[in-house]
Amino acid sequence: MPSPNLPRVFVLLLLSVTAGAQGPDASKGMANDRFACGSQPVAVKEFGRVCAPRVILTHVRIVDGTGASAVDDQNVVIEGGKITAIQKGADVPAAKGTAVLDLHGHTVMPGIVGMHNHLFYIVRPNLDSRRHFDNPVVVPQMTFSAPRLYLANGVTTMRTTGSVEPYADLNLKVDIDAGKLPGPHLDITGPYLEGSQSYFLQMPHLTSPDDARQTVEYWADRGVTSFKAYMNITRAELKAAIDAAHKRGIKVTGHLCSVTYKEAAELGIDDLEHGFFVNTQLDPDKKPDVCSESAGEETLARMDPSGPEAKDLIAMLVSHHVAVTSTLPVFEGDVGGARPVLRQQALEAMTPQAREDFFLLRQPRVPPATPKIDPALLWKHDLELEHAFFAVGGLLLGGPDPTGRGDVLPGFGDQREIELLVENGFSSLEAIKIATLNGAVYLGRDKQIGSVAAGKNADLVVVKGDPSTQISDIENVEIVFKDGVGYDSHKLLDSVRGRYGQY
Ligand SMILES: [Zn+2]
């Protein structure tokens, strides 16, 4: 939802930042400058809003990310990049080195941990009004715009979930961590582990299990912290990759097709992408190690979510500790209707060309396309399976997969994933947990991030409103704290206006 009043809100925040060091006579504008991040590294200087040694968020509602009920009127104390105390809401007198923010009417929640995020975009050359385009489809790196869009929209940690420019991604992480560039904490996924062919030219093609092992070792040596297998990998290659990764304590996920979910779980995979959309175990033409024609749609259509096959699959995934990543935004457009709802801020982030492509891909086909399998049935079955997996204690993660028709954008898509979970029967508190704490648990970082609790990193999102009762309020991001520094969401968005789709 657009928020026409944002500038006014910011003025209020500005006015409420107090600086005891300058005494009661300091003008309110000057008081803010006291915390204007001037002496910080360049990205913090440019986009930081709150950089005081001690920050107190007063009178704020907390949605803590654990699934617990929202708690109204609290104070959150941040020191040295960490949350040091959570107290009953109270006015706090100005003190030297302390920024006090009056957050009546606002909610603080954990920073989003995006588990199917990307640092690239998809281009279809010569796309026209009949939706024809030329090959090859390419995926340009979005190193400039994507990290800003993620951070602006409340993503403080993300997995890159398959890299097309691994050196750029690795160096980006170094520069973000040093404060030279704005962006979330990054779990860098290595190049896609793909078999002998792929839809995307920019993926390496493994030739053997030994090649898979060497690829994992090479990139792990260079700092990659996760891997993703892709649609045409063989079981033997996947096994070699998983074993090599696990030897170094690195996890492997997969957008699979040639290997079924059960086969992958048996081989030790840690996570499966795209909910239950790409499991191929019941595809009628499925042959071992070969991707099937429907790439999993036949299986999803045939699998009764409350039937024995579904129960057996879910029990097996849970017993093997395999997580599942829900990526609803990338499928939303297939379901029909005017989906997703257009969001002005997202349109403004795109280049004119990206916007044009987005509208060309969005218009209905004439004559209407008649898919072999009803997308609404697939959507329904997937959601029921995700619910069933979650209900028996499966670790359900969330991420947007910002690709598709160009209507899923970094950051905006992470918020949309949460909204779609709620639209499909998860409570707001469950959906926020899936998008925050569950990701932290998967990454093994839940002692540091993923919930609002004393002792954890101050990776927090301040939104106007109350997402625990109205989930679309997660779109009203004002300030995003990362390691205790409060970034200005609007300034970040302004800096990438008209850029997404270019660089
Ligand atoms: Zn993806």
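Order of appearance sets the numbers: ligands from 1, and atoms from 1 within every ligand.
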Polar contact flag, side-chain donor to acceptor under 3.5 angstrom, Asp289-Ser258: no
Any luck finding a side-chain donor-acceptor pair between Thr327 and His274 under 3.5 Å? yes
Over 60° means perpendicular and under 30° means parallel, so classify the ring planes of Phe277 and Trp379, tilted if in between. tilted
Do Phe144 and Tyr503 make the cut of ring centroids closer than 6.0 angstrom? yes
For the Zn ion (ligand 1), what is the closest N, O or S atom on Asp401? OD1
Taking both backbone and side-chain atoms into account, decide whether His116 has an N/O/S atom under 2.8 Å from the Zn ion (ligand 1). yes
Is it true that some N/O/S atom of His118, main chain or side chain, lies under 2.8 Å from the Zn ion (ligand 1)? yes
